[in-house]
Amino acid sequence: MKYDFTVGDKKWQDRWEAEHAFEAKDDHTLPKFYGLIEFPYPSGAGLHVGHIKAFISMEVLSRKRRMQGYNVLFPIGFDAFGLNTENYAIKTKTHPRIVTDRNIANFTRQLKSVGYSFDWSRVVDTTDEDYYKWTQWIFLKMFEHGLVFRDKTLVNYCPSCKVVLSNEDSQGGKCDICHSDVVQKSKEVWYLRITEYADKLLSGLDLVDYPANIKQQQINWIGKSTGAFVNFELDGIEEKLRIYTTRPDTLFGVTFMVIAPEHPIIDKYADKIANMDEVKAYREACAKKTEFERTQLQKDKTGVKIDGLTAINPLSGKKIPVYIADYVMMGYGTGAIMAVPAHDERDYEFAKKFGIDIIEVIKGGDISKEAYTGDGEMINSDFLNGYDNKKDSIARVIEVLTERGIGEGGVTYKMKDWAFNRQRYWGEPIPIVHCPHCGMVPVPYDELPLRLPEVEDFEPGEGGESPLAKVESFVNCKCPKCGGDAKRETDTMPQWAGSSWYFLRYCDPKNESAFAGMDALKYWMPVDWYNGGMEHVTRHMIYSRFWYRFLYDLGEVPYIEPYMKRSAVGLVLGSDGQKMSKSLGNVVDPLDIVSAYGADTLRTYVCFMGDYGVASPWSDTGVKGAKRFLDRVAGLTELVHGKGVTPALESSFHKTIKKVSADIEELKFNTAIAALMTLLNEIYDNGSLTRDELLTFVKLLCPFAPHISEEIAETLGEKSLLSLAAWPEHDEAKTVDATVELALQVNGKLRGTLTVDKNASKEDVLSLAKADARVLSQTEGKTIVKEIYVPGRIVNIVVK
RNA sequence: GCGGGUAUGGCGGAAUUGGCAGACGCGUCGGUCUUAGGAACCGAUGGGAGACCGUGCAGGUUCGACCCCUGUUACCCGCACCA
C-alpha cells in the first residue's frame, strides 16, 4: 500500500471530528487523564515549529491514554489578549477583536491540519467576555480579600510600548515585548499581594512532581531568607532605622549603616542633614540609572556619608555613621542595612574605600586582607564570645534582641508583589470604580463582565494612560456604593491574568454561573501532567499557582496544587544550530512540512529528532528519513500473510510493546520510534508478518503518526477508529529470549561473545568461557585469580 | 560571583544506571534498477594495515567506568551588590 497524505490526512481528521473521537466524556466514573499544554498566543505569524514540538508530548501521551481506556481531557485554547495584537491593530487600523478572531481561525485550521487530538468542543479564548468575566471575578475576590492594592513607586516603563512592566517583563533592562530599553518612572499602579503567598508557594512544591531544576528555579525566584529585623536608634531622632540582616550574629561588628538612595528617612529628616545638597545630588544620579545599570556597575562602590545622621549600635552602644549608597536596594528587606565589613565582601569594599573601621567578630580569617565570610568562634562580641557563630549565636542574639525590644527574627523574600496593570486597550478592564466619597469600589459581581468599550483609537495617551481614559461613556459612571458620580479605572490587566486560571475553565468551559462547577473540578483537577517551556517556570507557573492557591483557600477549587507533574520541552533550533529567527533566515514553517510530506512525517520527525527536553537542531534530511520510515511502514501491507503470531517475530513484538509503552511515559519519543524502526527492519528481514501483528504495529505507531496508522488499520478491515482501539499489552515472559549473548572478557578487555541458554548455571558458563579459544589465547600460561559472571551480561576472567 | 546543567563518530542522538560504547536515523562510500536521479532498493560505514586506540582534559576507585570520586577546561541556562 502507498499512503497518499494529500487525501488521507484530511479524510481521517474529518472522521475524528465527525465521530467526536477526542472529546472528553462527562462520565465521571471513568479513570481520567488531564494533559495540559501551554495554550498559544495566536500571533499573526501562525503556527511555529516550536508549537508543534511543545504540543506533541501531551498529544502522544493523551492518544496513548485514550487507547488505554482513560477519559482524557486534552484541551486547547488561546491566550489572545496582548500587546502584539494591539500593536498590529494600531498599525493596520483594524479592531483587535477582528485581528484576534482571524488569528484564532488560522491557528485552529493549522493545528487541525497537524492532526492534534485536542478536544475542540472546549476551546477557551481569554478575550471572550464569557471568559474574562471570570478573570474579573477572581480579581474582585482578591480585592475583597485584601490582595489587591495600589501604590506609587518607581516602575519599569517601556517608552515604546507606553506601558508599565513588571520586573519579570523587563529583565535585563529590556522590554520583554519590543526589546527597547526600559526606563524608571514614578507611577501609581495596581499590585497583587503575591508575597503573602510566598510560603504557600514554597511549601506546595513538596506536593508536586516537578523536575528538580524547575523546583529549584521557583525556590530561587521566591528567594526566602531567614534572619532578623533590628531597629537602630538614631542620635537625636525619635524614629529608629529598621534593617534586615541574615547575620545578626555579627551585630558587634557593625561599624556603619547604609540606606538605599530612595529611603524615605532622608526627606523626613532633611533639616538634620548638613550635606543635603551632596546627598540630593547623589540620589539624583542614582535615579537616572535603571536598576539594571546599577547592578552592572557592581564592581565600584559609590556612596555619600550623611552628615547629621548617626546610628547607635543597640548592643554595644557605639555611635556609627550612616551612608547612602546604591548597593542597597529599596526593594529588598527594609532598604537599609547594618554593615559588617569584617565579614561581608561588599561592606568590606565600601569600608576600605571610605576608610571606615573594621571590627573582627569571627575568628578564622585575615581581615587585613579580605572579608572573612566563613564560620568560626565569636570574639569581640560581649555575651557571644566563645560561641560558634551561626550554630547557636544567631538564636541567642535574636533572643536578646526580642527581650530588649530592639528587634526580632523574621524572613524576607526576593519575590516582589506583582505589578498588575497595563495602560492599554486589549486586556481585561480592571473592574474598579473610583468614587470621590467611597474611594475604590468594586464593580458588583452581577455587573460582570465589565466589557471593553468600543473605541476608534487604540493608541495609548502620551502620558502613558490607557486608551480607555479617552472614552467618556466608559470612564464616567455612578458609584455602585453611594450612587454618586464616579470614574472608572481605565487600566487593564496584564497578559498573565487570563493564563492564570485557563486550565480550570477547560474543566467546565460553558458554565455560566461559575468559572467552573465543583463537580467538574473535583473530577478533572488537578492537571495530571503539564508540559511547557522553561521560560514559563518562574512567571506563568508561579502566578497561576498563586491564583489557584487563593481559590483553594476560598474553597472554590478542590486540591491544593493545580499541576501534579511538570515537564519541559526543549527548543527547536534552526538547521545551523542557532535559535530560529527571521533575521537568520533559519525559520522552518511547519505547514510547509505538512504540505510537502504530510502531518505524520512532521509529527514523527519532531518526536524522533532528539531528547525531547533538550534543544536540538532541525534537519531537512532528517525529515525525509521520517517520511521514508512511514513509507516503509505502509509497505508492510504487502507482507501480510495469515493471522495470529509469527514465531520468529513474537519476542520482538513483545519487547517493542514494552519499550514503546515505557518510553512514551518518560517522553522518550526518540527511542520509542527507534524501537519501532528496529522492529520494522526485523519484519522486512523476516519477509512477512500476520495481519494481527501489523495491527499491533500501527497501534504502537498511532500516537505518533495517527493518519497513516488509521489508514493501514482500515485496509486490514478495521471498521472502528484505531485511535480509540485498545493499546497493546506485552507478555513479560515472551520478552525473554531462550538464549543470551554474553560478553567474554579477560582482565576486563573484550575478547568475544558467548551464546548460552538463559538458564545455564554459573559453573557451565564459566567452564565454557574458559574453554573458548579467544579466551585461552589470553589466559594460557597465566594464573586465573578471579572469575566474574554477571548473568545475562558478562563473563570476566582475571589472570596474572 | 551564586545556583543548575551539558560535553559520546562527519551530524542528531542511544547505552537496561557500574557490565559487548556508538542502538535508531541522517550523511557519506560502493552496488542494483534506470535516458537520468537529488527516487527506490541492497551492502559498508568510530579511528588504525595491524597489535591495538577510542565517550572534553588529567588523575583515582574497581575484575570492569560514558556512568562513581578528585582536580581541570569549554559551553549553555537561571539568578545576580538579596544584606
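Hydrogens, waters and symmetry mates are skipped; everything else that's a heavy atom, side chains included, is used. Labels below follow one simple rule: chain letters A, B, ... track the order of the sequence lines, proteins then strands, and each chain is numbered from 1.
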Inset, instruction - Please state how far atom CG in A:Leu571 lies from atom P in B:G12, giving the value in whole angstrom units. - result: 16 Å
Legend entry - Nearest listed nucleotide, side chain of A:Thr671, among B:A21, B:G25, B:A15: B:A15
Legend entry - Distance between C1' atoms of B:A74 and B:A51 (Å, rounded): 35 Å
Inset, instruction - Classify the nucleic acid contact of A:Glu741 as base, sugar-phosphate or nothing, counting any heavy atom under 4.0 Å across all strands shown. - result: base
Using nucleotides 41-51 of chain B, report all nitrogen or oxygen pairs with the protein that are shorter than 3.5 Å.
none

Inset, instruction - For B:C57 versus B:C75, give the span between their C1' atoms, rounded off to a whole number of Å. - result: 15 Å
Legend entry - Donor-acceptor pair under 3.5 Å, A:Lys301 side chain vs B:C81 base: yes
Inset, instruction - Quick one: label A:Ala615 by what it contacts on the DNA or RNA (base, sugar-phosphate, nothing), any heavy atom closer than 4.0 Å. - result: sugar-phosphate
Inset, instruction - Please figure out whether A:Leu742 or A:Asn670 has its closest RNA chain B nucleotide nearer the 5' end. - result: A:Asn670
Legend entry - Nearest-angstrom distance, C1' atom, B:G27 to B:G13: 14 Å
Inset, instruction - Answer with base, sugar-phosphate or nothing: what part of the nucleic acid does A:Asp347 contact at a heavy-atom distance below 4.0 Å? - result: nothing
Legend entry - SB check A:Asp737 A:Lys655 (cutoff 4.0 Å): yes
Inset, instruction - Find out whether A:Leu205 and A:Ile219 are in side-chain contact, i.e. whether some heavy atom of one side chain is under 4.5 Å from a heavy atom of the other. - result: yes
Legend entry - Within-4.5 Å side-chain heavy-atom neighbours: A:Tyr210 and A:Lys215: yes
Inset, instruction - Report yes if some heavy atom in the side chain of A:Pro341 is under 4.5 Å from a heavy atom in the side chain of A:Phe256; otherwise report no. - result: yes
Inset, instruction - Taking the side chain as every heavy atom from C-beta outward, state whether A:Val614 and A:Leu571 have any atom pair closer than 4.5 Å. - result: no
Inset, instruction - Looking at every strand, decide which applies to A:Gln745 at a 4.0 Å heavy-atom threshold: base, sugar-phosphate, or nothing. - result: base
Legend entry - A:Arg247 CZ - B:C82 P separation (whole Å): 13 Å
Legend entry - Pair pattern of RNA chain B in dot-bracket, where unpaired bases get dots and | marks partners in another strand, Watson-Crick or G-U under 3.5 angstrom: (((((((..(((......[....)))((((((.......))))))((....))..(((((..]....))))))))))))....
Legend entry - Rounded interatomic separation in angstrom, taking NZ from A:Lys655 and P from B:A23: 17 Å
Inset, instruction - Step by step, work out the salt bridge (charged side-chain N to carboxylate O under 4.0 Å, His left out) result for A:Lys658 and A:Glu732. - result: CA-CA 8 Å; A:Lys658 183 181 180 180; A:Glu732 186 65 35; 2.9 Å; yes
Inset, instruction - Classify the glycosidic conformation of B:U17 as syn or anti, calling it syn when the angle lies within 90° of 0. - result: syn
Inset, instruction - Using a 4.0 Å heavy-atom cut-off across all strands, classify A:Gly625 as base, sugar-phosphate, or nothing. - result: sugar-phosphate
Legend entry - Nucleotide B:C24, atom P - distance to OH of A:Tyr605 in whole Å: 18 Å
Got a list of protein N/O to nucleotides 4-10 of chain B N/O distances below 3.5 Å?
none

Legend entry - Distance test, side-chain N/O of A:Tyr244 to OP1/OP2 of B:A83, below 4.0 Å: no
Legend entry - Chi-angle category of B:A7 [syn within 90° of 0, anti beyond]: anti
Inset, instruction - Select one nucleotide: of B:A83, B:C53, B:A14, the one nearest the side-chain heavy atoms of A:Asp611. - result: B:A14
Legend entry - Nearest listed nucleotide, side chain of A:Ala674, among B:C26, B:C79, B:C24: B:C24
Inset, instruction - Please state the C1' separation for the pair B:C67 and B:G19 - nearest whole angstrom. - result: 11 Å
Inset, instruction - Take atom NZ of A:Lys758 as the centre, draw a 6.0 Å sphere, and report whether it contains more than 12 heavy atoms from other residues, nucleotides or ligands. - result: yes
Inset, instruction - Give me the residues of residues 788-797 of chain A where at least one heavy atom lies under 4.0 Å from an atom of RNA chain B, by number, or none. - result: A:Ile788, A:Val790, A:Arg793, A:Ile794, A:Asn796
Inset, instruction - Could you check which of B:C79, B:C81, B:G27 has an atom nearest any side-chain atom of A:Thr621? - result: B:G27
Inset, instruction - Using a strict cut-off of less than 4.0 Å between a Lys/Arg side-chain nitrogen and an Asp/Glu carboxylate oxygen, indicate whether A:Asp620 and A:Lys624 qualify as a salt bridge. - result: no
Inset, instruction - For B:G60, decide between syn and anti, treating a glycosidic angle within 90° of 0 as syn. - result: anti
Legend entry - A:Asn220 side-chain N/O to B:C82 phosphate OP1/OP2 under 4.0 Å: no
Legend entry - Same-atom distance (P) from B:C53 to B:G71, integer angstrom: 29 Å
Inset, instruction - Looking at every strand, decide which applies to A:Asp631 at a 4.0 Å heavy-atom threshold: base, sugar-phosphate, or nothing. - result: nothing
Legend entry - Shortest side-chain distance from A:Lys786, nucleotide among B:C63, B:C81, B:C24: B:C63
Legend entry - Gap in Å between the two C1' atoms, one belonging to B:A58 and one to B:C63, rounded: 24 Å
Inset, instruction - Determine the interatomic distance between P on B:C79 and the same-named atom on B:G12; round to the nearest Å. - result: 27 Å
Inset, instruction - Could you tell me whether A:Asp199 and A:Lys224 make a salt bridge, using a distance below 4.0 angstrom between a side-chain N and a carboxylate O? - result: yes
Inset, instruction - Mind checking ring pair (Phe, Tyr, Trp, His ring centres under 6.0 Å) for A:Phe354 and listing every partner two or more places apart, or none if nothing turns up? - result: A:Tyr323, A:Phe350
Inset, instruction - Give the nucleotide from the list B:A83, B:C81, B:C26 with an atom nearest to the side chain of A:Tyr327. - result: B:C81
Inset, instruction - Would you indicate which nucleotide in B:A83, B:C63, B:G12 comes nearest to any side-chain atom of A:Pro617? - result: B:G12
Legend entry - A:Asp757 side chain to A:Thr739 side chain, donor-acceptor N/O pair below 3.5 angstrom: no
Inset, instruction - Determine whether A:Phe653 and A:Ile683 make a side-chain contact, defined as any pair of heavy atoms from C-beta on separated by less than 4.5 Å. - result: yes
Inset, instruction - Assign A:Lys749 to base, sugar-phosphate, or nothing according to its heavy-atom contacts below 4.0 angstrom with the strands shown. - result: sugar-phosphate
Legend entry - Pairs involving residues 328-338 of chain A, ordered by first then second residue, that meet side-chain hydrogen bond (donor to acceptor under 3.5 Å, both in side chains) (sequence neighbours left out): A:Ser225-A:Tyr332, A:Tyr332-A:Thr412
Legend entry - Salt bridge A:Arg632-A:Glu638, side-chain N to carboxylate O under 4.0 Å: no
Inset, instruction - For B:C24 and B:U45, measure between their P atoms and round to the nearest Å. - result: 12 Å
Legend entry - Residue whose closest nucleotide on RNA chain B lies nearer the 5' end, A:Thr245 versus A:Thr678: A:Thr678
Legend entry - Side-chain N,O (A:Lys627) to OP1/OP2 (B:G25) below 4.0 Å: no
Inset, instruction - Indicate whether OP1 or OP2 belonging to B:A15 is found under 4.0 Å from a side-chain N or O atom of A:Lys668. - result: yes
Legend entry - A:Lys353 atom NZ: more than 12 heavy-atom contacts under 6.0 Å: yes
Legend entry - side chain to side chain contact (heavy atoms under 4.5 Å, CB included) partner of A:Lys240, chosen from A:Leu234, A:Ile406, A:Asn231, A:Ile265: A:Asn231
Inset, instruction - Inspect the contact between A:Glu38 and A:Arg566 and indicate whether a charged nitrogen and a carboxylate oxygen are less than 4.0 angstrom apart. - result: yes
Legend entry - Charged N-O contact under 4.0 Å between A:Glu787 and A:Lys770: yes
